[in-house]
Amino acid sequence: MIEDKNQQRTELSNLGEFGLIEHLTKNFKINQKSTVKGIGDDAAVLNFEDKRVIVTTDLLVEGVHFDLSYMPLKHLGYKAVMVNLSDVYAMNGQATQITVSIAVSNRFPLEALEELYAGIETAAKIYDIDVVGGDTTSSTTGLLISVTALGTVSENDVVYREGAKPNDLLVVSGDLGGAYMGLQVLEREKEVYKVNPKNQPDLSMYTYIIERQLKPEARKDIVKLLQDLGVKPTSMIDISDGLSSEILHLCKHSDVGCDLYENKIPLDPQVISACEEFNIDSTTVALNGGEDYELLMTISQEDYPKIKGNPNLSVIGYVTEKSAGKHLVTRADTKIELKAQGWKNFED
Ligand code: ADP
Ligand code: MG
């Protein structure tokens, strides 16, 4: 579906490992004060002074986490960075550096890796992080990409999954279900393309949800917003695995229960219309779709006036005593137990 505009094909073997690393990383600039030594030595050297250091890593595997038939490599590079930054922001921290490790088969020419690194470079620029290292190796078949992100947070500001108290408000950033519905559209177009490669799909009515799937943004802005509003959440988690499973994690770590209100779940109009078209229940998608790199947090009732009406934050429920259980309160005002489905089970 996505045409390869770059027709040139330079075999990786022409460059050798060091030539390749040099070529891919030559544009990276160091902007962070905490980076003492970046790419080029045996290891990077960082100086975080009196800050707490956050470290997080994710591994993306071709055929498991991404499909290159509709995921342009540039977007994959960008997304691999976002997935990690989102975890740093979920600690209420600031991301400062990443390392990028790749395993590639000879199926990929240099031009493909240039695309991947263009996405990584764009992400690094926009989110103001330094790329300070990585590793490059070969793979027998597909592409693997692993990003490790580092960040900092002061001791007073760090927010964990534990800390939610009964009566706290359950709050989520942005809107939910878009990434999953974007994937549904892309999967459908891939099938259409297989039958008729000449068919040029009109995807203009799905721009937002496709972007949610292909070019997600980590919510750096929410960390800043909370700081500007003077709100420190009592607990926080990133909801890349789906709202329901992440709420359950949060409740488990905090030893509490919750009531989540179906009618409060924020949905974009494109998600609602795509759900109608695909005949899928929008609440199920919001709860279990996953890959929405939003932040779920709990905040004390006292802080409600500070977040009230903010378009970036939606109150979707309350924290309860553990003994009350974990429930979804439906539009029909019935309570059903929240279960973690994960998006894989969700397909059958
Ligand atoms: P080593 O032999 O110690 O593994 P390398 O030759 O693999 O060192 O790496 C040389 C430098 O390039 C190091 O600073 C390393 O972190 C960096 N580097 C290697 N691969 C990548 C990559 N894919 N992306 C970014 N930096 C990389
Ligand atoms: Mg190496």
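The basis for the numbers below is simple: all heavy atoms, side chains too, and nothing from hydrogens, waters or symmetry mates. Ligands are counted one by one from 1 in listed order, and the atoms in each one are counted from 1 as well.
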Discussion item. Checking K224 against D221 for the salt bridge (Lys or Arg N to Asp or Glu O under 4.0 Å) test, could you report, in this order, the C-alpha distance in whole Å, the side-chain angles of both residues, the deciding distance, and whether it holds?
Written reply: CA-CA 5 Å; K224 172 151 196 314; D221 59 323; over 6 Å; no

Worksheet item: Below 4.0 Å from any atom of ligand 1, is there a heavy atom belonging to S101?
Response: no

Fill in: Side-chain heavy atoms of I54 within contact of T96, under 4.5 Å
no

Worksheet item: With a cut-off of 4.0 Å, which atoms of ligand 1 are near a heavy atom of E17?
Response: 7 (O)

Discussion item. Starting from atom 9 (O) of ligand 1, what is the nearest protein heavy atom, named by residue and atom, and what distance separates them?
Written reply: I21 CD1, 4.0 Å

Worksheet item: Any non-hydrogen atom of F18 lying under 4.0 Å from ligand 1?
Response: yes

Practice prompt. Take atom 1 (P) of ligand 1 and look for protein heavy atoms under 4.0 Å from it; say yes if you find one, no if not.
Written response: no

Practice prompt. Before signing off on this row, confirm whether Y117 and ligand 1 have an N or O atom pair separated by under 3.5 Å.
Written response: yes

Worksheet entry | E302 atom CD: more than 12 heavy-atom contacts under 6.0 Å | no

Worksheet item: Can R9 and E11 be said to form a salt bridge (Lys or Arg N to Asp or Glu O under 4.0 Å), step by step?
Response: CA-CA 6 Å; R9 185 181 168 95; E11 296 298 331; 2.9 Å; yes

Item to complete: Heavy-atom distances under 4.0 Å are what count here, so tell me which part of T25 touches ligand 1: side chain, backbone, both or neither.
Response: side chain

Practice prompt. Pull out every atom of ligand 1 sitting under 4.0 Å from any heavy atom of D41, numbered as shown with elements.
Written response: 13 (C), 14 (O)

Worksheet entry | Atom indices of ligand 1 within 4.0 angstrom of G133 heavy atoms, with elements | 16 (O), 25 (C), 26 (N), 27 (C)

Discussion item. How far is atom 3 (O) of ligand 1 from the closest protein heavy atom, and which atom is that?
Written reply: D42 O, 4.1 Å

Worksheet item: Counting N and O atoms only, with roles assigned by atom type, does the side chain of T99 sit under 3.5 Å from a partner on the main chain of G134, one being a donor and the other an acceptor?
Response: no

Discussion item. Can a donor-acceptor pair be found, under 3.5 Å and without considering hydrogens, that links the side chain of D168 to the backbone of K165?
Written reply: yes

Practice prompt. Answer with side chain, backbone, both or neither: which part of T136 has a heavy atom less than 4.0 angstrom from an atom of ligand 1?
Written response: both

Discussion item. Distance check below 2.8 Å: does D135 bring an N, O or S atom to the Mg ion (ligand 2)?
Written reply: yes

Worksheet item: Taking N or O atoms only and a 3.5 Å limit, does G38 qualify as a polar contact for ligand 1?
Response: no

Worksheet item: Measuring from Y117:OH to K26:NZ, what's the distance to the nearest 0.5 Å?
Response: 12.5 Å

Worksheet item: Given the rule in the salt bridge (Lys or Arg N to Asp or Glu O under 4.0 Å) test, do K252 and E162 qualify, once you have shown the distances and angles that lead to the verdict?
Response: CA-CA 8 Å; K252 182 172 172 224; E162 68 229 38; over 6 Å; no

Fill in: atom 14 (O) of ligand 1: nearest protein contact (heavy atom, Å)
G40 N, 2.9 Å

Practice prompt. May I ask you to identify the nearest protein heavy atom to atom 7 (O) of ligand 1, giving residue, atom name and distance to one decimal place in Å?
Written response: D135 OD1, 3.4 Å

Worksheet item: Do Q97 and S34 have side-chain N/O donor and acceptor atoms under 3.5 Å apart?
Response: yes

Practice prompt. Using modelled atom types only, decide if a donor and an acceptor are shared between the side chain of D238 and the backbone of S86 within a distance under 3.5 Å.
Written response: no

Item to complete: Could you tell me whether some N/O pair between G134 and ligand 1 is separated by less than 3.5 angstrom?
Response: yes

